[in-house]
2 protein chains.
Amino acid sequence: MIDRDVAFERIREAGLRLTPQRRAVIEELSGDRSHPLAEDVASRVAMRVPGVSLSTVYKILHELGDLDLIRELSLPGAMRFDPDTESHAHLVCPECNDIIDVPLDPATTDVLSGAAEKATGADVSHMEITLYGTCAACGPRA
Amino acid sequence: MIDRDVAFERIREAGLRLTPQRRAVIEELSGDRSHPLAEDVASRVAMRVPGVSLSTVYKILHELGDLDLIRELSLPGAMRFDPDTESHAHLVCPECNDIIDVPLDPATTDVLSGAAEKATGADVSHMEITLYGTCAACGPRA
DNA sequence: GTCGGTGCAAAATATTTGCATTGTG
DNA sequence: CACAATGCAAATATTTTGCACCGAC
């Protein structure tokens, strides 16, 4: 997520109210690199706002996704949420289920949207790239 | 999926029995381009093998994924199954939920696995690339 | 005949929805 | 003080699991 205050601003621009729940979700997520589940976000938010409901957290996460403040990742098992909306891929290790960020050359993602727009005539807004493979920690012992 | 008979062969090589259920799942899936849900596969298979259970279809689909005969796609809402294991991307239209294949230059996927292996030290086995955007049919009317 | 495979039913997990209540602007 | 937003509980959807029975080899 770009910046806490930029996010607050965009929330208001969208005509939404800056409730303690929204504020807490944004603050817990900004800077997070762990690709949390909705439930992870909810339990962290609960430390700041006792009593938050999981369904409210789901609603807020979808709103932030719609506003392009976070990315919603469709990973095996469940959705995960990523405050980093810059183009990057994810490496998922089937052994330990760890999710590792993979930086990408912008040229590569341009090639992908170009290929999709040419092949389908669609207007690509964003993409999700997931690579599967044994991570270094789980890999063949040296 | 490469070929019906190649798939049967690989099933046997893996020490699995060629049951009518496995045969039907393979035959219904090979050549399919619709990215079906598990339930879609089950209902088609049911025409050939009355009484197949959904849980058996799930098990068979996972086996085929493990044997690399199909790909399991983690798309929003639910898993979908793709007999085409060659590298290609998917364009998902948020309007109509249609899923369109996007052919890719092998060089592009090589760049991606290269980036991931360099960045994380992982051994990439395969990848899933999903692009989101309004498709031509749903796009701005001319 | 053996042992893997299947069907059934129930469980587990993830996410959505409706509605009464609350609190931001 | 209006109306959006929240919390709760129940509903929905997807996928997994345990076990008794069946059938491929």
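Below, read A as the first sequence line, B as the second, and so on, with proteins coming before strands; counting in each chain starts at 1.
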Assuming nearest nucleotide by heavy-atom distance, tell me which of B:G15 and A:M79 is located more 5' along DNA chain C. B:G15
Over how many whole Å does the gap from B:L18 atom CG to C:dG4 atom C1' extend? 14 Å
In whole angstrom, what separates A:I60's CD1 from C:dT24's P? 13 Å
Answer yes if the side chains of B:D68 and B:H126 hold a donor-acceptor pair under 3.5 Å, and no otherwise. no
For B:L54, which contact category applies under a 4.0 Å heavy-atom criterion: base, sugar-phosphate, or nothing? base
Spacing of B:E13 atom CD relative to D:dC25 atom P, expressed in whole Å: 15 Å
Is B:Y58 near enough to D:dT15 that one of its side-chain N or O atoms lies under 4.0 angstrom from OP1 or OP2? yes
Start with the C-alpha gap between A:S34 and A:R44, add the side-chain angles, then the distance that decides, and say whether side chain to side chain donor-acceptor pair (under 3.5 Å) holds. CA-CA 12 Å; A:S34 71; A:R44 288 189 219 164; 3.1 Å; yes
With a 4.0 Å cutoff (strictly under), does any side-chain N or O of B:H62 reach OP1 or OP2 of D:dT15? no
Tell me whether the side-chain N/O atoms of B:R22 come closer than 4.0 Å to OP1 or OP2 in C:dG5. yes
Once you measure the plane-to-plane angle for B:H35 and B:H90, does it fall in the parallel (<30°), tilted (30-60°) or perpendicular (>60°) bin? perpendicular
Students often get this wrong, so: under 4.0 angstrom with heavy atoms, is A:L37 touching a base, only sugar-phosphate, or nothing? nothing
Minimum-distance nucleotide to B:T19 side chain [options: D:dA9, D:dT6, C:dG5]: C:dG5
Can you tell me which nucleotide in C:dG7, C:dG23, D:dG7 comes closest to the side chain of B:S55? C:dG7
Return the value, rounded to whole Å, for the distance between atom CD of A:E39 and atom P of C:dT15. 10 Å
Is atom CD of B:E95 surrounded by more than 12 heavy atoms (other residues, nucleotides or ligands) closer than 6.0 Å? yes
Is the phosphate of C:dG23 approached by A:Q21 (side-chain N or O, under 4.0 Å from OP1 or OP2)? no
For A:I99 against A:R80, the heavy-atom pair lying closest together: CD1-CD, 3.2 Å
Residue pair B:A78 / B:L37: nearest heavy atoms and the distance that separates them: CB-CD2, 3.9 Å
According to a strict under-4.0 Å criterion, is A:T56 in side-chain N/O contact with OP1 or OP2 of D:dT6? no
Can you tell me the distance, in whole Å, between the CG atom of A:L75 and the P atom of C:dT15? 11 Å
NA contact type, A:L61, heavy-atom cut-off 4.0 Å: base, sugar-phosphate, or nothing? nothing
Nucleotide C:dT24, atom P - distance to CZ of A:R12 in whole Å: 14 Å
May I have the distance from A:L73 (atom CG) to C:dA14 (atom P), rounded to whole angstrom? 16 Å
Students often get this wrong, so: under 4.0 angstrom with heavy atoms, is A:G77 touching a base, only sugar-phosphate, or nothing? sugar-phosphate
Starting at NZ of A:K59 and ending at C1' of D:dG7, how long is that distance when rounded to a whole Å? 8 Å
Closest nucleotide among C:dG23, D:dT14, C:dT15 to the B:A78 side chain: D:dT14
